[in-house]
2 protein chains.
Amino acid sequence: MSDHYHHGNLRQALIDAGIKIINESGEAGLSLRKVASACEVSHAAPYAHFRDKEALIGAMKASVTDRFMEELNDATKDQPDTECALVAMGRRYVSFFIRHPDYFRFLFSSQNLIAHLQTDRQYPDDYPPFTLLKETYLKYLKEKKIKKSKKEQEIEILQLWASAHGLASIACMSGVSVSFDWETEIEGEVLLR
Amino acid sequence: MSDHYHHGNLRQALIDAGIKIINESGEAGLSLRKVASACEVSHAAPYAHFRDKEALIGAMKASVTDRFMEELNDATKDQPDTECALVAMGRRYVSFFIRHPDYFRFLFSSQNLIAHLQTDRQYPDDYPPFTLLKETYLKYLKEKKIKKSKKEQEIEILQLWASAHGLASIACMSGVSVSFDWETEIEGEVLLR
DNA sequence: ACACAAATCTTTACATTGTCAAGATGTGTT
DNA sequence: AACACATCTTGACAATGTAAAGATTTGTGT
């Protein structure tokens with residue numbers, strides 16, 4: 001294996017280059033050929049690794065989602081109890097996208113949100129960040145010994161997610177910075193202030 | 001003025017044709033040339049009415065937003081009091097986008113959310129649906145004689161909006177239909193079930 | 001009614017882009 | 001060494017956004 005870039009990890013290089021472009025010029029500035037030339041390969045080289053542009057974008061989204069998940073997991077570390085973890089996760093959820101508005105637009109934009117999920121999966125139930133939120137919430141109920149019906153649980157999870165996601169949406173779609181704070185209460189109220 | 005299509009209202013025809021394409025093939029299938037040929041004009045004809053593709057898209061978004069506003073306004077008609085109006089509006093907010101998921105993706109997708117707003121305006125404060133929600137909420141406070149600080153009011157408005165918008169987002173981004181119900185309580189809890 | 005200016009539309013042209021096909025090059029395996 | 005395979009390049013093509021130049025229609029003032 002030569003130590004030249006293109007042997008062994010072009011696939012990952014393309015993903016990284018694509019994400020860099022997103023950061024600099026948004027999804028509008030993303031073209032297969034630019035990504036290729038950023039990696040110093042010919043314009044058709046990506047086709048050895050991705051079926052088409054959609055596939056590249058899918059891999060990029062998966063990669064960004066991984067980074068997002070790392071942050072969410074990180075937010076729950078060193079929290080005294082699960083309630084704090086929930087709150088911290090909500091805060092981080094919004095703050096991540098405030099720091100990376102281009103990621104928000106990229107992930108939740110355009111036609112193919114679910115491109116990086118298997119076709120038999122459904123959003124948001126099999127979307128990792130949602131799953132993490134759900135798990136943490138259920139752990140929280142167990143820890144506090146709170147009994148709720150399945151239906152009620154689903155509703156409150158959607159509530160939590162919708163609040164965080166909706167707020168992130170507002171923050172990312174506006175130029176304005178949105179100050180926020182997140183608290184959860186037992187009976188299912190969600191406060192963002 | 002001949003009664004041929006292209007004299008007098010090509011501008012509106014282009015907007016309508018564009019929206020029709022969005023409904024059929026999503027934003028991916030939208031090209032200036034297709035819009036032009038749908039109106040039976042040459043591919044460069046749109047440039048007499050729109051500076052570029054972005055401008056057309058902006059006008060299309062404004063048009064879709066108008067339809068959305070009509071529905072929101074309609075939802076508040078014939079409601080006994082402002083609280084009911086608020087609830088009805090929230091329901092309609094989500095239901096509109098459940099019925100028109102392509103509109104959601106179109107409006108809140110891609111790079112240029114704010115394309116159809118003046119540059120000196122800010123999202124969501126000058127986004128008509130948000131303004132309407134805000135006004136209705138303030139009217140509700142007044143009607144119920146509820147006193148709240150400006151800050152608290154802003155928080156709760158954001159809360160309302162984030163819940164509705166986040167839920168619409170979930171519903172539109174997933175293939176799954178999301179059943180929901182919307183209730184507001186005085187102390188700022190938002191329930192969607 | 002006429003002339004002229006502005007708006008509107010067409011034609012032509014060009015650069016960018018996604019994708020395909022055919023071939024070259026390198027890698028690993030037997 | 002030989003062969004299969006993955007990877008990369010080159011060349012081509014159609015779709016697209018956009019600019020330039022010209023044609024056509026519309027409106028306005030005289």
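Just so it is clear, the values below take in all heavy atoms, side chains as well, and ignore hydrogens, waters and symmetry mates. Naming: A, B, ... by sequence-line order, numbering from 1 per chain. A quick note: this is a predicted structure, and the numbers were derived from the prediction, not measured.
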Quick one: side chain to side chain donor-acceptor pair (under 3.5 Å) partners of [X], sequence neighbours excluded?
X	value
B:K34	none
A:Y103	A:N23, A:R67
B:R51	none
B:D74	B:R92

[X] [atom1] - [N] [atom2] separation (whole Å):
X	N	atom1	atom2	value
A:R51	C:dG18	CZ	P	15 Å
B:R11	C:dT8	CZ	C1'	14 Å
A:F50	D:dT7	CZ	P	11 Å
B:L32	D:dT18	CG	P	6 Å

message = Is A:Y47 close enough to C:dC20 that one of its side-chain N or O atoms is under 4.0 Å from OP1 or OP2 there?
response = no
request  = Ignoring backbone atoms, establish whether B:K53 has a side-chain N or O less than 4.0 Å from OP1 or OP2 of D:dT16.
outcome  = no
message = Let's go through A:R105 and A:E27 carefully: what are the C-alpha distance in whole Å and the side-chain angles of both, what is the deciding distance for salt bridge (Lys or Arg N to Asp or Glu O under 4.0 Å) to 0.1 Å, and is it a yes or a no?
response = CA-CA 8 Å; A:R105 282 187 279 265; A:E27 192 169 0; over 6 Å; no
message = Can you see whether B:R33 engages B:S37 through a side-chain donor-acceptor pair at a distance of less than 3.5 angstrom?
response = no
Parallel, tilted or perpendicular: ring planes of B:H165 versus B:F104, cut at 30 and 60 degrees = tilted
Could you pull out the protein-nucleic contacts involving nucleotides 22-24 of chain D (nitrogen or oxygen on both sides, under 3.5 Å)?
none

message = If I take atom CD from residue A:Q153 and atom CD1 from residue A:I146, how far apart are they, to the nearest 0.5 angstrom?
response = 10.0 Å
As a test of reading the structure: which of [options] is closest to the side chain of [X], going by heavy atoms?
X	options	result
B:A45	D:dT9, D:dT18, C:dT10	C:dT10
A:H49	C:dT8, D:dT16, D:dT7	D:dT7
B:S42	C:dT11, D:dT16, D:dT10	C:dT11

inquiry  = So A:S31, base contact, sugar-phosphate only, or nothing? Heavy-atom distance under 4.0 Å.
reply    = sugar-phosphate
Is there any protein nitrogen or oxygen under 3.5 Å from a nitrogen or oxygen in nucleotides 11-14 of chain D, and what are the pairs?
from, atom 1, to, atom 2, distance (Å)
D:dG11, O6, A:H43, NE2, 2.7

message = I need the single residue from B:F130, B:F108, B:F96, B:F106 that forms a ring-ring contact (aromatic ring centres under 6.0 Å, His included) with B:F68. Which is it?
response = B:F96
